[in-house]
Every structure is written in C-alpha cells, then in structure tokens.
Amino acid sequence: QLGSNTPDDLRKLGYSVAVHNDYKMREIDCTFWLFTKLVNNQLIAFKGEGVSDVIALDQIREQISKFERNNSNNSI
C-alpha cells in the first residue's frame with residue numbers, strides 16, 4: 001500500500017510501532033518511524049525517516065518487501 005500515510009497495512013502484517021517521532025531539523029518538519037516484529041523467535045526492525053509519513057512509511061514498506069522476498073523460503 002505504497003503512498004499511504006497511515007501504518008494500518010503494516011499493523012495488519014503483524015508489525016508494531018516501536019517508535020514514532022515528529023521533529024524539526026533545520027526548521028524542516030521531519031518524522032521517524034520504527035517497526036518491529038518477532039520472526040522465528042528473533043526481533044526484526046525496520047526504520048523509515050523523512051519529511052512526511054508517506055516517505056518514511058514507504059521506506060519501511062520497501063524494506064519489508066525486500067526482507068520477505070529474501071526470506072520467502074522461511075516461514076515469516
């Protein structure tokens with residue numbers, strides 16, 4: 001669900017928000033998201049950061065997609 005400014009799709013996949021922070025850097029509004037999920041008894045984490053929730057969450061979606069492709073032979 002690229003382009004969504006809410007993490008609902010990530011939550012449906014079993015990911016939890018570990019950190020969400022809005023901040024200013026050099027007078028520019030920024031946001032930071034960190035999601036975690038327990039997979040095969042290991043905690044995995046994905047982070048996204050940018051000037052909007054869409055940008056940050058899309059970074060995480062891309063990381064998760066790559067992770068799932070690379071681990072498709074294992075049960076996730």
Side-chain angles (χ1 to χ4, degrees):
Q1 194 174 5
L2 288 175
S4 176
N5 67 342
T6 67
D8 295 341
D9 59 317
L10 301 172
R11 287 184 173 122
K12 285 180 184 174
L13 293 173
Y15 291 89
S16 299
V17 177
V19 178
H20 175 225
N21 187 34
D22 294 323
Y23 62 95
K24 281 192 182 288
M25 183 184 300
R26 297 185 188 109
E27 301 304 314
I28 298 171
D29 290 332
C30 297
T31 189
F32 173 90
W33 289 83
L34 180 70
F35 280 81
T36 60
K37 181 178 180 179
L38 193 61
V39 176
N40 297 328
N41 241 7
Q42 292 185 338
L43 190 65
I44 58 172
F46 299 97
K47 134 186 137 71
E49 191 168 14
V51 295
S52 72
D53 287 332
V54 171
I55 290 170
L57 292 170
D58 279 354
Q59 289 174 2
I60 293 168
R61 290 180 182 104
E62 290 174 17
Q63 292 170 44
I64 290 171
S65 178
K66 183 177 179 181
F67 174 80
E68 290 179 347
R69 280 193 311 271
N70 290 338
N71 294 282
S72 62
N73 294 335
N74 305 328
S75 63
I76 298 176

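FYI, side chains are in, hydrogens and waters are out, and symmetry mates aren't considered; it's all heavy atoms of this structure.
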Single-linkage hydrophobic cluster [X]~[Y], side-chain heavy atoms < 4.5 angstrom:
X	Y	value
V17	L10	yes
F32	V54	no
L13	F67	yes

Hey, are K12 and D9 close enough for a salt bridge, meaning a charged N less than 4.0 Å from a carboxylate O?
no
Gap separating the [atom1] atom of [X] from the [atom2] atom of [Y], nearest 0.5 angstrom:
X	Y	atom1	atom2	value
T6	L57	OG1	CG	7.5 Å
W33	I60	CH2	CD1	8.0 Å
S16	L34	OG	CG	10.5 Å

Heavy atoms only: give me the nearest [X]-[Y] pair and the separation to one decimal.
X	Y	result
A45	T36	CB-CG2, 4.0 Å
G50	A56	N-CB, 4.1 Å
I44	V39	CD1-CG2, 3.4 Å

Do the non-hydrogen side-chain atoms of H20 and P7 ever get within less than 4.5 Å of each other?
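Not touching, per the 4.5 Å side-chain cut-off.
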Please identify which of these residues, T31, I28, D29, meets the side chain to side chain contact (heavy atoms under 4.5 Å, CB included) condition with V51.
I28
Show the numbers, then the answer: is there a side-chain hydrogen bond (donor to acceptor under 3.5 Å, both in side chains) between S65 and R69?
CA-CA 6 Å; S65 178; R69 280 193 311 271; 2.8 Å; yes
Using the test side-chain hydrogen bond (donor to acceptor under 3.5 Å, both in side chains), find all partners of E49 that sit at least two apart in sequence or belong to another chain.
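Expected list: Y23, K47.
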